[in-house]
Amino acid sequence: MNDIVDTFSAQALKIAAQYEGGQVAFADLTGLADEFAAKLTEQLSDLPESQRPPVTAALESRLDERVKELDPDSRGAQALGELLQSLNRTPIY
């Protein structure tokens, strides 16, 4: 369970750093956020139903803590915010 949180937290921070550094445009960030959420959903599908919400909550908490450490107007905070929102968006396929 912690492995999933650690893995996805690291991925989120990498995406945020890329966005902060200008290597990723906003349109690309949105796509990366959707891909991030889809991969998380795929990983969670391997877990029992009862473990899924705690893992998602732990990841949200970790990312939220990181957002609070950043300047709220920074691109890094914006990127992490997009990733957090992607976790609760209903994908349309």
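Worth saying up front: this structure is predicted, and the values here are computed from it rather than measured.
With sequence neighbours left out, the side chain to side chain contact (heavy atoms under 4.5 Å, CB included) criterion links Leu29 to Ile15, Tyr19, Val24, Phe26, Ala79, Glu82. Under the salt bridge (charged side-chain N to carboxylate O under 4.0 Å, His left out) criterion, Lys39 pairs with Glu35, not counting sequence neighbours. Remark: Ala33 engages Leu83, Ser86, Arg89 in a side chain to side chain contact (heavy atoms under 4.5 Å, CB included) (not counting sequence neighbours). Residues passing the salt bridge (charged side-chain N to carboxylate O under 4.0 Å, His left out) test with Arg66, sequence neighbours excluded: Glu69. Take Glu65 and apply the salt bridge (charged side-chain N to carboxylate O under 4.0 Å, His left out) test, not counting sequence neighbours, and it matches no residue. Taking Asp28 as the reference, nothing meets the salt bridge (charged side-chain N to carboxylate O under 4.0 Å, His left out) condition, with sequence neighbours excluded. Judged as a side chain to side chain contact (heavy atoms under 4.5 Å, CB included), and not counting sequence neighbours, the contacts of Asp71 are Asp73, Ser74. Considering only residues two or more places apart in sequence or on other chains, Pro48 meets the side chain to side chain contact (heavy atoms under 4.5 Å, CB included) condition with Ser50, Gln51.
Interatomic distance, Glu20 CD to Leu80 CG, rounded to the nearest 0.5 Å: 9.5 Å. Atoms CG and OG, on Leu40 and Ser45 in that order, are 10.0 Å from each other to the nearest 0.5 Å.
Of the possible donor and acceptor atoms, one in the side chain of Thr41 sits under 3.5 Å from a partner among the backbone N and O of Ala37.
Among residue pairs with one or both ends in residues 1-11, those qualifying as salt bridge (Lys or Arg N to Asp or Glu O under 4.0 Å) are Asp6-Arg62; sequence neighbours excluded. Applying the ring pair (Phe, Tyr, Trp, His ring centres under 6.0 Å) test to every pair with at least one member in residues 31-78, sequence neighbours left out, gives these pairs: Phe8-Phe36. Screening residues 40-60 for salt bridge (Lys or Arg N to Asp or Glu O under 4.0 Å) gives Glu49-Arg52 as the qualifying pairs, with residues at least two apart or on separate chains. Among pairs with a residue in residues 64-84, none fulfils ring pair (Phe, Tyr, Trp, His ring centres under 6.0 Å), at least two apart in sequence or across chains.
Nearest heavy-atom pair across Ala58 and Val5 is CB-CG2, 3.8 Å. Considering every non-hydrogen atom in both Gly76 and Ala16, the closest pair reads O-CB, 3.8 Å.
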*Check step by step if side-chain contact (heavy atoms from CB on, under 4.5 Å) holds for Leu59 and Leu63.*
CA-CA 6 Å; Leu59 179 59; Leu63 295 181; 4.1 Å; yes
